[in-house]
Structure formats: structure tokens, C-alpha cells
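Structure, as C-alpha cells:
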Amino acid sequence: STASIIMDPSQDPEGRTAVELDNPNEAFTGILKAPAGSTVVTPLTTLVQQIVETGSTVEVAEAAVKTALGITGDVELTTLDPIASDNVEVYKAGVQVAALISESGGGEAGLAVSAALAKTVQNSSGAVDLTDVDVVKAVIDTAIADNPTAAASLDSDSVASSAASQAAVIAAATSID
């Protein structure tokens with residue numbers, strides 16, 4: 001396909017919802033994206049696509065996401081299914097981003113937060129530590145400043161604290177199971 005992919009559970013005509021694999025009783029209401037030609041749609045492809053939307057190439061965007069989130073393996077984020085391939089490093093990074101989207105309330109607010117994270121990743125030359133509450137709070141504050149309509153209801157302190165705490169637990173994982 002030559003068009004990017006957008007998955008928005010609020011737009012499903014059959015009312016189906018995605019669930020969080022780690023918490024199957026909770027609906028995942030985040031909006032996910034992927035660049036054209038992707039074979040997977042994940043929180044990481046969402047960041048890649050959001051960077052592409054600013055004029056970057058997929059390759060440059062993917063390299064920025066991998067660098068910022070500490071992904072060292074030689075993988076393509078737009079084609080790798082981290083669960084099927086048992087890639088713990090990519091899986092953990094994706095779940096950390098998904099937790100941030102989810103803690104932001106999903107939907108348009110979550111999309112605003114992932115866009116702010118993509119902006120942070122794009123402007124960073126090194127790691128973006130999602131376990132650091134101050135880093136996460138800065139991302140939330142950027143989302144509120146950049147998209148006050150979608151992110152107006154976010155409490156940056158509360159979201160940052162919860163998302164950073166979840167990211168710390170995820171960072172300690174040694175397997176996907």
C-alpha cells in the first residue's frame with residue numbers, strides 16, 4: 001500500500017475493541033499508525049509514522065526511534081512482530097509506549113501524547129528514558145502545549161507518575177511471557 005495505516009478502535013463499525021495482552025480485561029483505546037508498506041501496526045510504528053509526517057524518511061524515523069528507546073538489534077520496526085519473533089527488546093519498548101498512550105486515556109489524547117513523544121524522539125540525539133517521571137512529564141506537557149484540545153484533560157503529574165512506574169516494571173522484564 002502507498003498510504004499510511006491508521007488503527008482507531010473508536011471507528012470500528014462493528015464496535016470491536018482491542019485489548020491489552022498484559023491486561024485482557026482492559027480495552028486498549030489508543031490510536032496506532034504505521035508507514036505505508038508496514039506489515040505490523042504497533043506503538044513503535046506509530047512513533048515512526050508520526051516522525052514521517054513531519055517530513056522525515058521512514059529509515060531516519062526508525063533509526064531515531066530505535067536510538068531513543070534503546071533498541072540495539074538489527075530489526076525493522078515496520079515489519080517485525082515482536083511477539084511472534086520473541087524479540088524482548090522491541091516488545092518492552094512497544095509496551096512502554098503503549099502504557100504511555102493508555103495512561104493518557106487513549107483516543108485523541110493518547111495520539112497527542114504519542115505525537116509529543118515522537119517529537120521528543122526526533123529532537124533527541126540519545127536515549128529517551130520512559131522510566132524517568134520528569135522525561136515523561138515533559139512529553140505530556142508538550143502534548144498539552146501542542147494540542148490543547150485533545151490533551152486538555154490530562155494531569156501531567158499523574159499520567160507521568162503512572163506511565164513511568166509502569167515503564168520501570170516493563171524495563172525489568174526478561175521475557176515476553
Could you go step by step and tell me if Leu111 and Lys33 meet the side-chain contact (heavy atoms from CB on, under 4.5 Å) rule?
CA-CA 10 Å; Leu111 192 60; Lys33 298 180 172 193; 3.9 Å; yes
State whether the side chain of [X] and the backbone N or O of [Y] hold a donor-acceptor pair below 3.5 Å, judged by distance alone.
{"X": "Ser38", "Y": "Pro35", "result": "yes"}
{"X": "Gln96", "Y": "Ala167", "result": "yes"}
{"X": "Ser161", "Y": "Ser158", "result": "no"}
{"X": "Asn147", "Y": "Ala143", "result": "no"}
{"X": "Lys92", "Y": "Ala171", "result": "yes"}
{"X": "Thr42", "Y": "Leu44", "result": "yes"}
{"X": "Ser102", "Y": "Ala98", "result": "no"}
{"X": "Ser124", "Y": "Thr120", "result": "no"}

If you take all heavy atoms of [X] and [Y], which pair is closest and at what distance?
{"X": "Leu154", "Y": "Ala109", "result": "CD2-CB, 4.3 Å"}
{"X": "Val159", "Y": "Glu103", "result": "CG2-O, 3.6 Å"}
{"X": "Ser175", "Y": "Val88", "result": "CA-CG2, 3.8 Å"}
{"X": "Thr45", "Y": "Ala34", "result": "OG1-CB, 3.6 Å"}
{"X": "Leu80", "Y": "Ser85", "result": "CD1-OG, 3.3 Å"}
{"X": "Glu89", "Y": "Gly73", "result": "OE1-N, 3.2 Å"}

Is there a side-chain contact between [X] and [Y] (heavy atoms, below 4.5 Å)?
{"X": "Val60", "Y": "Val52", "value": "no"}
{"X": "Leu69", "Y": "Leu130", "value": "yes"}
{"X": "Val48", "Y": "Val58", "value": "yes"}

Determine whether the side chains of Thr131 and Asp129 contain a donor N or O and an acceptor N or O closer than 3.5 Å.
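Present: a donor and an acceptor within the cut-off.
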Is it the case that Ser56 and Gln122 place a side-chain donor and acceptor less than 3.5 Å from each other?
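Result is no, nothing qualifies.
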Rounded to the nearest 0.5 Å, what separates atom [atom1] in [X] from atom [atom2] in [Y]?
{"X": "Ile31", "Y": "Ser114", "atom1": "CD1", "atom2": "OG", "answer": "8.5 Å"}
{"X": "Glu53", "Y": "Gln49", "atom1": "CD", "atom2": "CD", "answer": "4.5 Å"}
{"X": "Lys137", "Y": "Asp157", "atom1": "NZ", "atom2": "CG", "answer": "4.5 Å"}

Start with the C-alpha gap between Leu100 and Ile140, add the side-chain angles, then the distance that decides, and say whether side-chain contact (heavy atoms from CB on, under 4.5 Å) holds.
CA-CA 9 Å; Leu100 179 57; Ile140 304 297; 3.8 Å; yes
Same cluster or not: are Val95 and Val133 linked, directly or through other Ile, Leu, Val, Met, Phe, Trp or Tyr residues, by side-chain heavy atoms under 4.5 angstrom apart?
no
With side-chain contact (heavy atoms from CB on, under 4.5 Å) as the test, would you mind laying out the steps for Leu117 and Val97 before giving the verdict?
CA-CA 9 Å; Leu117 178 57; Val97 174; 4.0 Å; yes
Derivation and outcome, side-chain contact (heavy atoms from CB on, under 4.5 Å), residues Val40 and Thr79
CA-CA 6 Å; Val40 295; Thr79 60; 5.7 Å; no
